[in-house]
Every structure is written in C-alpha cells, then in structure tokens.
Amino acid sequence: QVQLVESGGGLVQPGGSLRLSCAASGIILSIYTMGWYRQAPGKQRELVASITSGGTTNYADSVKGRFTISRDNAKNTVYLQMNSLKPDDTAVYYCRCAMGYWGQGTQVTVSS
C-alpha cells in the first residue's frame with residue numbers, strides 16, 4: 001500500500017519560513033518525479049515545484065527564488081523549503097508522485 005504523508009505546515013508570519021516534508025511508504029520515491037502542489041480556497045490546484053529522479057527541478061514563477069524542492073533518498077522523503085512567505089502562499093499543500101499518488105495535504109497559513 002502506497003502512502004504519502006505530508007507534514008510541516010502551520011501558521012507563519014509574512015516573511016517567515018517553513019519546511020514541508022513528504023514521507024513515503026510502499027514506494028521508492030527516488031525513481032519518480034515528485035511534485036508539490038497547492039490549493040487555495042476557491043482556486044484550482046496548482047503545481048508549485050517538481051523534482052525529477054535525476055534531480056532536475058522546476059518551479060512556478062510565483063515561488064521562484066523563494067521555494068526549494070529537494071529529496072533525501074535515504075529517508076524516502078521529499079521536502080519543500082519555503083522562505084519569504086507571503087499571504088498569497090496560504091493554501092493546502094500536497095505532494096504527488098508521478099505514478100498518481102497524492103498525500104492528504106498540509107495547511108500553510110501566512111498571516112500576521
């Protein structure tokens with residue numbers, strides 16, 4: 001059974017940082033492209049960042065220079081480091097494996 005479990009969300013002030021984790025079981029993440037998505041209330045789910053099995057990364061224009069996606073193959077975990085957070089970053093963040101598996105999501109709220 002494949003499971004992706006996100007953690008690390010929370011409430012943070014504008015300008016702050018959070019690191020999200022996506023831990024996998026039942027699947028070896030290192031051989032798949034992994035992505036972080038987010039969905040804000042009333043909006044469509046959007047791709048925030050992705051990383052291929054070879055380590056190539058891609059970012060949405062809205063987060064370039066602020067967010068960093070990485071993976072620790074030994075821990076079978078993918079991360080999203082989020083810096084200089086803005087209120088517009090408020091959303092539920094999901095990780096997704098290229099095989100089509102999704103995590104349950106973690107809430108990120110950026111507010112003063």
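If you read the sequence from its start, that first residue is 1, and numbering goes on from there.
In this structure, the separation between CH2 on Trp36 and CG on Leu80 is 6.0 Å, given to the nearest 0.5 Å.
Heavy atoms only, all atoms of each residue included: Lys43 and Gln39 are closest at O-NE2, 3.2 Å. Closest non-hydrogen pair, Tyr59 versus Thr68, comes out as OH-CA, 3.4 Å. Listed here is the closest heavy atom pair of Phe67 and Arg38: CE2-NH1, 4.1 Å.
Proximity of Arg96 to Met34: side-chain heavy atoms (C-beta onward) are nowhere separated by under 4.5 Å. Within the 4.5 Å cutoff, the side chain of Ile69 has no heavy atoms near those of the Tyr79 side chain. Residues Cys97 and Leu4 have side chains in contact (heavy-atom distance under 4.5 Å, counting atoms from C-beta outward). Side-chain contact between Met82 and Asp89: absent, with no pair of heavy atoms (C-beta onward) separated by less than 4.5 Å.
For Thr90 (side chain) and Val110 (main-chain N/O), a donor-acceptor pair under 3.5 Å exists by modelled atom type. With hydrogens and angles ignored, the 3.5 Å screen pairs no side-chain donor or acceptor of Arg66 with any backbone N or O of Gln81. The backbone N or O of Asn76 sits nowhere less than 3.5 Å from a side-chain atom of Asn73 that would complete a donor-acceptor pair.
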Side-chain donor-acceptor pairs of residues 7-33 under 3.5 Å, sequence neighbours excluded:
{"residue": "Ser17", "atom": "OG", "partner": "Asn83", "partner atom": "OD1", "Å": "2.9"}

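At a threshold of 4.5 Å between side-chain heavy atoms, the hydrophobic network of Ile, Leu, Val, Met, Phe, Trp and Tyr places Met99 and Ile51 in one connected group.
Classification of the Tyr94-Trp102 ring pair by plane angle, with boundaries at 30° and 60°, yields perpendicular.
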